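Below is one structure, written out as structure tokens; the observations come after it.
Chain naming here is simple, since letters A, B, ... match the order of the sequence lines and numbering starts at 1 in each. In this text, all values refer to a predicted model and were calculated from it rather than measured experimentally.
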Number of protein chains: 6
Amino acid sequence: AGLTHVRADGSAHMVDVSQKDVTSRLAEAEAVLRTTAEVTAMLTDDALPKGDALATARIAGIMGAKRTSELVPLCHPLDISSVTVDLAVDDPQPGAVRLTARVKTTSRTGVEMEALTAVSVAALTLYDMIKGVDRTAEITDQRVVHKSGGRSGEWSRHA
Amino acid sequence: AGLTHVRADGSAHMVDVSQKDVTSRLAEAEAVLRTTAEVTAMLTDDALPKGDALATARIAGIMGAKRTSELVPLCHPLDISSVTVDLAVDDPQPGAVRLTARVKTTSRTGVEMEALTAVSVAALTLYDMIKGVDRTAEITDQRVVHKSGGRSGEWSRHA
Amino acid sequence: AGLTHVRADGSAHMVDVSQKDVTSRLAEAEAVLRTTAEVTAMLTDDALPKGDALATARIAGIMGAKRTSELVPLCHPLDISSVTVDLAVDDPQPGAVRLTARVKTTSRTGVEMEALTAVSVAALTLYDMIKGVDRTAEITDQRVVHKSGGRSGEWSRHA
Amino acid sequence: AGLTHVRADGSAHMVDVSQKDVTSRLAEAEAVLRTTAEVTAMLTDDALPKGDALATARIAGIMGAKRTSELVPLCHPLDISSVTVDLAVDDPQPGAVRLTARVKTTSRTGVEMEALTAVSVAALTLYDMIKGVDRTAEITDQRVVHKSGGRSGEWSRHA
Amino acid sequence: AGLTHVRADGSAHMVDVSQKDVTSRLAEAEAVLRTTAEVTAMLTDDALPKGDALATARIAGIMGAKRTSELVPLCHPLDISSVTVDLAVDDPQPGAVRLTARVKTTSRTGVEMEALTAVSVAALTLYDMIKGVDRTAEITDQRVVHKSGGRSGEWSRHA
Amino acid sequence: AGLTHVRADGSAHMVDVSQKDVTSRLAEAEAVLRTTAEVTAMLTDDALPKGDALATARIAGIMGAKRTSELVPLCHPLDISSVTVDLAVDDPQPGAVRLTARVKTTSRTGVEMEALTAVSVAALTLYDMIKGVDRTAEITDQRVVHKSGGRSGEWSRHA
């Protein structure tokens with residue numbers, strides 16, 4: 001066994017997926033931004049009545065998902081059929097923001113990387129907005145939590 | 001007080017930095033990819049004699065740093081004068097990879113976001129290469145660890 | 001009723017099109033750049049014998065169409081099968097340039113946004129070239145004029 | 001006289017600005033999206049309590065400004081020091097949205113194109129969100145309204 | 001006869017491929033970087049034990065292939081199913097590096113341009129790394145060597 | 001001695017230029033597309049009276065120069081102050097097109113890579129337009145021919 005992205009001589013390549021089936025595929029990823037309850041209160045206050053803080057992160061995440069194959073060298077470009085990014089303030093605890101992205105495609109490869117990139121870019125965008133008030137914030141627990149479609153079928157991290 | 005990126009009416013904007021000084025600025029960020037010792041062994045084996053696995057992540061991180069202002073909506077575009085990305089396998093423990101990025105500029109704003117984006121994209125690239133053998137890997141401890149230059153001067157997380 | 005791009009809680013998302021049919025779709029959009037007859041004469045003179053002014057706008061419009069999903073946050077990426085951009089000088093009146101774009105795809109979503117983006121970028125490019133001689137020029141009447149394919153079938157603005 | 005972007009033989013080029021002064025420059029542009037009062041009500045309703053419709057357009061406009069030199073072939077790349085995008089619903093009349101962008105730089109060239117690109121991309125994004133309910137909407141009155149800095153000094157369209 | 005990308009009136013357009021079949025297509029291109037044996041020795045030395053020089057060029061080439069339709073104005077965007085880039089040092093003679101790219105797609109158009117862009121960007125990347133020690137290096141013999149799939153079937157330059 | 005882009009441990013990095021002077025710098029590069037006299041006649045015919053073939057290549061080259069640091073992993077992003085791309089048909093012999101690019105900046109690094117990228121992308125664009133009539137064309141003699149500014153001063157290949 002070994003890494004599929006590395007050939008026998010050690011060189012990287014974009015794996016050939018031309019023989020894989022075009023099927024509906026879905027992936028869900030999450031990440032947590034850890035800051036202070038004082039800061040998450042600012043994110044929420046700013047979100048009322050028409051604050052853009054959370055919307056900015058959500059839009060950045062959606063746009064980031066579409067650029068995955070430009071950022072990750074060996075990712076295949078593919079057509080995305082939907083992206084949602086959700087931000088739960090003070091979850092899983094006060095002073096945290098849980099980010100979740102869900103991406104769908106009808107393609108030859110899965111969209112785990114697209115979902116992970118969405119939460120990553122959304123979290124970076126939140127960090128950018130709060131770094132003036134908390135430079136010790138950190139992004140953690142970034143991982144795939146669910147995928148379905150393709151040869152490997154349905155899989156959930158928390159199953 | 002409040003978020004600098006959000007105006008009084010709640011709308012997001014790109015903060016005006018035209019009155020800030022052009023100075024030398026540096027930022028360092030880190031992240032950890034947590035997988036298994038079996039997988040980090042693959043990354044290392046592939047790295048010999050001319051395996052591209054770690055190089056691919058490093059190059060992706062360097063290129064990612066240059067695209068920060070395209071990804072993070074309210075970031076200022078700026079000229080980067082250097083980027084290094086280092087990957088330490090089995091650090092801080094077996095089965096982990098510690099990623100560190102160091103970015104310099106001579107500009108009106110700092111480069112924390114560029115350093116964070118570099119480690120983020122490098123970590124996503126590692127994840128992409130190992131997801132075929134470990135889909136439970138996660139990216140964690142992503143944070144700024146050092147910055148210098150600009151009005152706020154020198155700062156270290158671990159000081 | 002309401003905006004399809006906004007969920008019940010007010011958050012934006014990229015609409016799920018995975019259940020829509022893959023069909024041939026076409027859209028046509030137009031815009032008008034209004035300047036002076038003296039300026040449109042420059043565009044035309046420069047176009048002879050091998051002036052690049054109109055070609056530059058046309059190429060910019062074609063390339064702009066391909067970047068629609070990078071610019072418009074909730075647009076789906078899709079494969080474009082053709083783009084044409086036409087520029088009619090002194091139409092609908094002396095001192096105006098009418099821009100028309102026609103885009104085709106075989107996809108799950110329509111290409112109205114691609115056609116609109118093409119005329120928009122082409123018009124911005126014309127404005128860029130003439131702003132040194134007429135800074136009061138304006139871009140107007142930018143709209144979709146025709147679409148076919150997909151669930152909503154054939155539609156023409158001027159029908 | 002003639003177009004600065006076209007050389008004597010008719011070929012396009014990116015004008016040499018190396019001898020121009022690095023100064024503070026500002027530009028403001030506007031555009032109007034014309035739809036129906038029923039539709040602008042949806043944009044406003046969706047904006048409460050945390051609707052993302054207007055924020056999505058604003059973020060798209062800010063990000064669009066940063067990509068101006070990628071879209072407009074003969075534009076110089078430059079560092080932007082601030083961007084604001086404002087959206088006034090039912091202005092100048094019910095059923096319209098007035099978009100205004102204000103861009104600053106400290107550079108060798110002006111930022112009219114960046115301000116125009118910001119309103120253009122923001123308007124396209126609004127159009128994208130409402131096209132499901134009003135495909136006859138149009139974007140109009142797109143123009144530069146103010147500029148300052150550089151050799152040509154202060155200028156206002158409505159002066 | 002004439003150029004397919006130019007219409008009867010001389011204007012450029014993106015050719016309509018909507019009636020072409022979706023089939024498996026492959027293209028292979030090559031280029032040669034000519035420098036000195038002293039320089040190619042540096043590339044090889046640096047490649048041991050974990051030097052990134054050749055990997056950097058390979059990754060750049062793979063990523064370049066994915067951006068072909070952004071760079072070449074009249075190219076169709078398409079989904080790539082695999083890319084490999086190989087670099088043979090001191091081939092066809094000491095002091096040369098032969099670059100070969102192989103690209104596959106399942107699409108309506110061929111991938112000659114993607115393969116050529118891959119070798120082109122990989123060669124530029126090599127040049128960038130060696131220009132400090134040999135500014136007289138040159139890139140030559142850049143061409144398509146093989147293609148299959150689509151209406152024109154199998155073709156090899158060296159057949 | 002060795003490659004400046006590779007550190008002592010063999011890893012690639014973006015070289016630190018923060019201590020280099022900001023000066024006026026210029027670079028000129030060239031390449032030759034070799035095809036047949038029948039094909040170059042098509043490029044010229046199409047160029048009359050308003051054919052876009054050569055203009056398309058020129059615009060692609062200018063836009064390509066602006067994207068150099070996105071394509072070449074270790075290149076520094078920088079502000080370009082001018083770009084010209086010239087195409088000489090049937091030079092240096094019938095059936096050839098000589099491409100020349102000239103790029104200027106006021107920056108900490110030179111613009112050889114920007115000039116080379118401009119001719120490379122322009123040549124790829126020409127190849128794309130003629131590949132339907134001559135798939136055996138090749139791009140050759142791509143090299144830097146002149147540079148000035150910076151520590152190394154004035155240099156000409158043909159001096």
Side-chain angles (χ1 to χ4, degrees), chain A residues 2-27 62-83 103-118 120-121 149-152, chain E residues 22-28 44 47-71 75-89 97 99-108 110-111 114-115 117-118 121-122 125 148-149:
Chain A
L3 304 182
T4 52
H5 292 56
V6 180
R7 294 182 291 180
D9 67 354
S11 63
H13 68 142
M14 191 196 290
V15 175
D16 188 353
V17 298
S18 58
Q19 302 308 313
K20 296 178 82 173
D21 290 332
V22 174
T23 62
S24 287
R25 294 156 190 266
L26 176 152
I62 292 171
M63 295 178 86
K66 291 192 271 187
R67 310 196 75 162
T68 302
S69 70
E70 291 182 26
L71 295 172
V72 182
L74 305 177
C75 261
H76 295 82
L78 50 73
D79 289 348
I80 291 174
S81 33
S82 81
V83 186
V103 180
K104 294 176 78 171
T105 191
T106 301
S107 182
R108 288 187 169 77
T109 51
V111 278
E112 299 100 304
M113 294 315 301
E114 281 72 13
L116 274 174
T117 302
S120 182
V121 174
R151 204 168 32 192
S152 62
Chain E
V22 174
T23 63
S24 287
R25 294 155 191 267
L26 177 152
E28 197 175 314
T44 316
L48 288 166
K50 54 168 185 149
D52 289 353
L54 299 181
T56 302
R58 182 158 34 235
I59 296 305
I62 292 171
M63 295 178 86
K66 292 192 270 186
R67 310 197 75 162
T68 303
S69 70
E70 291 182 27
L71 295 172
C75 261
H76 295 82
L78 49 75
D79 289 348
I80 290 174
S81 33
S82 82
V83 186
T84 56
V85 174
D86 287 290
L87 295 101
V89 175
V97 181
L99 304 104
T100 312
R102 196 176 155 88
V103 181
K104 294 176 76 171
T105 192
T106 302
S107 182
R108 288 187 168 78
V111 277
E114 282 72 13
T117 302
V121 174
T125 301
S148 68

Proximal component of E/Ile80, with respect to chain A [non-hydrogen, under 4.5 Å]: both

Portion of A/Val72 that has a non-hydrogen atom of chain E nearer than 4.5 angstrom: backbone

Heavy-atom proximity to chain A below 4.5 Å, by part of E/Val85: backbone

Could you look at A/Val17 and say if it's the side chain, the backbone, both or neither that has a heavy atom under 4.5 Å from chain E? both

E/Thr56 versus E/Arg58, side-chain donor and acceptor atoms under 3.5 Å: no

Answer yes if the side chains of E/Thr23 and E/Arg25 hold a donor-acceptor pair under 3.5 Å, and no otherwise. yes

Go through the side-chain N and O atoms of A/Ser11 and A/Asp9 and say whether any donor and acceptor fall under 3.5 Å apart. yes

Between the side chain of A/Thr117 and the main-chain N/O of A/Met113, is any donor-acceptor distance below 3.5 Å? yes

